[in-house]
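If you're wondering where the values come from, they're calculated on a predicted model, not measured in any experiment. All values below come from the heavy atoms of this structure, side chains included, with hydrogens, waters and symmetry mates left out. Each chain gets a letter, A, B and so on, in the order the sequences are listed, and its residues count up from 1.
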Number of protein chains: 4
Amino acid sequence: MIKAERKAQLLENARVVFSNKGYHKTSISDIINKSGVARGTFYLYFENKRQVFESVLDELFRDIGDCIKTIQLGKGHASPIDQLRNNVRSVIALLLSNPETTDLLLKHAFGVDPEFDEKLNQFYNRLAERLESSLQLGIAMGLLRKCDTQIVSFCIMGTIKEVVASCLSDVQYRGKDIDLIVDEVLNFGSRGLITSEYGNT
Amino acid sequence: MIKAERKAQLLENARVVFSNKGYHKTSISDIINKSGVARGTFYLYFENKRQVFESVLDELFRDIGDCIKTIQLGKGHASPIDQLRNNVRSVIALLLSNPETTDLLLKHAFGVDPEFDEKLNQFYNRLAERLESSLQLGIAMGLLRKCDTQIVSFCIMGTIKEVVASCLSDVQYRGKDIDLIVDEVLNFGSRGLITSEYGNT
Amino acid sequence: MIKAERKAQLLENARVVFSNKGYHKTSISDIINKSGVARGTFYLYFENKRQVFESVLDELFRDIGDCIKTIQLGKGHASPIDQLRNNVRSVIALLLSNPETTDLLLKHAFGVDPEFDEKLNQFYNRLAERLESSLQLGIAMGLLRKCDTQIVSFCIMGTIKEVVASCLSDVQYRGKDIDLIVDEVLNFGSRGLITSEYGNT
Amino acid sequence: MIKAERKAQLLENARVVFSNKGYHKTSISDIINKSGVARGTFYLYFENKRQVFESVLDELFRDIGDCIKTIQLGKGHASPIDQLRNNVRSVIALLLSNPETTDLLLKHAFGVDPEFDEKLNQFYNRLAERLESSLQLGIAMGLLRKCDTQIVSFCIMGTIKEVVASCLSDVQYRGKDIDLIVDEVLNFGSRGLITSEYGNT
DNA sequence: CATGAATGAGGGTTCATTCAT
DNA sequence: TATGAATGAACCCTCATTCAT
């Protein structure tokens, strides 16, 4: 087996067991047994347990970052609100199509060690900042009502995380139409955000 | 020291170290050292590590349950929407006034073991169900727009969890007016939920 | 068993196996098996393998330091040369009466890790410096011939170390009269080998 | 690269890393990385780690053996004492000109395994026996005073080992005139330290 | 009630050696 | 000859739990 394949295989198996048992309950034995590989082999491809874990999540971090497009103004581009919605849609779709890694991120990522906690916080903060920029743009253009963009960006993120998490835990959701879920989330968020003379205080 | 006091003291110290380091990184030594108590003494009051952890969270589960009031109809009661809002307000206030336990719940509760994961899921599902009932009531009364109440209840829970979590992580938030945060969350949620001829699709 | 006894027991067994197999070939299992104690027990008394090793040698370092008396001048004291000889005699006697630890020091002390190598060098250098002082005093008083005191102090130390080491390796030496050995070493150092009529430059 | 060259290259690199880190702290990786050679290649030239180590020292053993000349009597030869001195001089010069291997021998040779410890002891004992023969000859010829030749031969070896070791550890010695060191050692051994007027019995 | 010494299973990691290519 | 991926025994250390005092 060529090196890249073996590494991918180990990474894949690590991903699965990590998301089943969490970081601390997962042992190297779990990973290598699932991979049918000797103990030492694991350490040919990864420095240590912590590093595989980080690799698994780094992949997701990158993918999430990639599917969020900075909002583009001007003709030829969709409306900023639609672009924001598309970003939300992409992220949800990405998360739901990677159930194991997403579960890992949402349930087992904190508590690995202080450094990784910090890394996680930074990741979420970066996402929140990008969201805030979009919100501020929307407000400036009169498309969104005024609000505390910082808080609201966490509201949006929380909405996405929780809905996705519930889909992953709940077998009855699996296979349900993603678009339906996304629309519901978007409606929840957007009807609260769109400027309107008839909102309430 | 009388039995109940000692147990409370251990529980309190356990709460603090658990929330600082998470379940797996916390050792019995951490708890007994902080408590100035011998190793064996710990096991006089708790069956095992897992049980203290559960006790800590059970307290929070109970408190959260207690501050959610079932919506009452009829004269002499506030409007159902205000009652819903009050519930949200109470929960947020409770969580923010128990930062350590809340951090424990939000960041370190999953991954202890499969049974406890299940218990957590059930707790969240029960909350979601109570929320759903309220939402269905609001819709039936024409106060809220039609929506997938299951999804929306997770949206609301996610909003609360994430905003609270961000407050706990972010020092700049600490001391900020809780009401301000609560209002922002309520506005985010309610303007999206109130029936309105002028909402967007 | 009281704490001090258990620690002494472990230290004693560690001393023996270390001197038999050297630091790297000795495993914690060797020490605990010899002690009839569980693995964890070892770590109740010592931080790690390295620390026991260091404890064993620290004891010897201290004893060696203690049996070297700074040379005293004036009436009521033996002649400086006799004091120097007494120091040599004491050290040799000490080393021969602690064969295991001495073997450990002479054969297995280097190579544990860079920090310990440095500590060892410092120990030997301190000894050499004390020897040098004595030599310089002897020269100043006209009792000893002029020489490079630094080199000569290592000559003396080497003489002692090698003779002691050979005694420890060689079963036929065991039990031989220590005084005989000491005298031979002292004669070697003080008179040299050349027959007096034929002294050279 | 021809076989002999490759083997020499590996041996040379092994020598360097062994003397830097000692036997146990040196890994095969250290040797092959330094040599730019694959892991398997190492085992084409040496049976195992232990064997390389032995090869490195065997070379030194041979060189040491070679530079000690059996004392020749009769006209046309230098005086036996000068021949003995020349042997000492040659050995010291050899050791100081091979600092790495010498360090390896003096600090890291014991403790590899019981068999090698035995081999080392035999090597030193053989040297001691050759020294003893010379000493006995010198005594028989009235050139040297009577003494316990066994002990004295270890005194001489210890003197040489320790002085050489101190030169290798101590940077200030490096580059110092070898002859100066050798003379000091020879003087120590032949004349001792006591000023001639006050020789003792 | 309280203590804390003792336990030992279990986890992460290293590394000399092998062998198919 | 040369390679380097694979192996797996062995090692150090941790820590939840027990129990004699």
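Proximity of a side-chain donor or acceptor of D:Thr26 to a complementary backbone N or O of D:Val17 within less than 3.5 Å is detected. For C:Asn13 (side chain) and C:Gln9 (main-chain N/O), a donor-acceptor pair under 3.5 Å exists by modelled atom type. Counting only distance, with no hydrogens or angles, the side chain of A:Asp117 and the backbone of A:Phe110 share no donor-acceptor pair below 3.5 Å.
Aromatic ring centres of B:Phe116 and B:Tyr23: separated by at least 6.0 Å.
C:Asn33 places its CG atom 14 Å from the C1' atom of E:dT7, with the value rounded to the nearest Å. Taking atom CD of residue B:Gln9 and atom C1' of nucleotide E:dC1, one finds them 14 Å apart after rounding to whole Å. Note: CD1 (C:Ile32) to C1' (E:dA6) measures 12 Å, nearest angstrom. Here F:dT14 presents its P atom at 15 Å from CZ of C:Phe46, a figure rounded to the nearest Å. Summarising the geometry, the separation between CZ on A:Phe53 and C1' on E:dG11 is reported as 17 Å, rounded to the nearest angstrom. Taking atom NZ of A:Lys25 as the reference point, atom P of E:dG10 lies 12 Å away to the nearest angstrom.
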Before you tell me yes or no, could you show the steps for B:Arg15 and B:Phe18 under side-chain contact (heavy atoms from CB on, under 4.5 Å), namely the whole-Å CA-CA distance, both residues' side-chain angles and the distance that decides it to 0.1 Å? CA-CA 5 Å; B:Arg15 175 180 21 229; B:Phe18 274 138; 6.0 Å; no
Query raised in the report: Do A:Leu57 and A:Lys119 pass the side-chain contact (heavy atoms from CB on, under 4.5 Å) test, and can you show the C-alpha distance, the side-chain angles, and the key distance before you say yes or no?
Result: CA-CA 11 Å; A:Leu57 284 187; A:Lys119 180 171 180 171; over 6 Å; no
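F:dT21 and E:dC1 have their C1' atoms separated by 13 Å, given to the nearest Å.
Among the nucleotides F:dA6, F:dT3, E:dC1, the one closest to the side chain of B:Leu44 is E:dC1. In this structure, of F:dG4, F:dG8, F:dA5, it is F:dA5 that holds the atom nearest to the side chain of A:Lys3.
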Under 3.5 Å, N/O pairs linking protein and nucleotides 16-19 of chain E:
{"unit_1": "E:dA16", "atom_1": "OP1", "unit_2": "D:Lys49", "atom_2": "NZ", "d": "3.2"}
{"unit_1": "E:dA16", "atom_1": "OP2", "unit_2": "D:Ile28", "atom_2": "N", "d": "2.8"}
{"unit_1": "E:dT17", "atom_1": "OP2", "unit_2": "D:Tyr43", "atom_2": "OH", "d": "3.2"}
{"unit_1": "E:dT17", "atom_1": "OP2", "unit_2": "D:Lys49", "atom_2": "N", "d": "2.9"}
{"unit_1": "E:dT17", "atom_1": "O4", "unit_2": "D:Arg39", "atom_2": "NH1", "d": "3.4"}

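Here A:Lys49 does not pair with A:Asp30 in a salt bridge; the nearest charged N to carboxylate O distance is not below 4.0 Å.
Interatomic distance, OG1 of C:Thr101 versus CD of C:Glu59, reported as 7.0 Å (0.5 Å rounding).
A cation-pi arrangement is present between C:Lys161 and C:Tyr124, with the terminal nitrogen or guanidinium carbon under 6.0 Å from the aromatic centre and inside a 45° cone about the axis.
When the nearest nucleotides of DNA chain E are assigned to C:Ile2 and B:Gly36 by heavy-atom distance, the more 5′-ward of the two goes with B:Gly36.
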Pairing string of DNA chain E (Watson-Crick or G-U wobble, both atom distances under 3.5 Å; | = paired to other strand) is .||||||||||||||||||||
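In this structure, B:Tyr45 reaches the E:dA2 phosphate: one of its side-chain N or O atoms is under 4.0 Å from OP1 or OP2.
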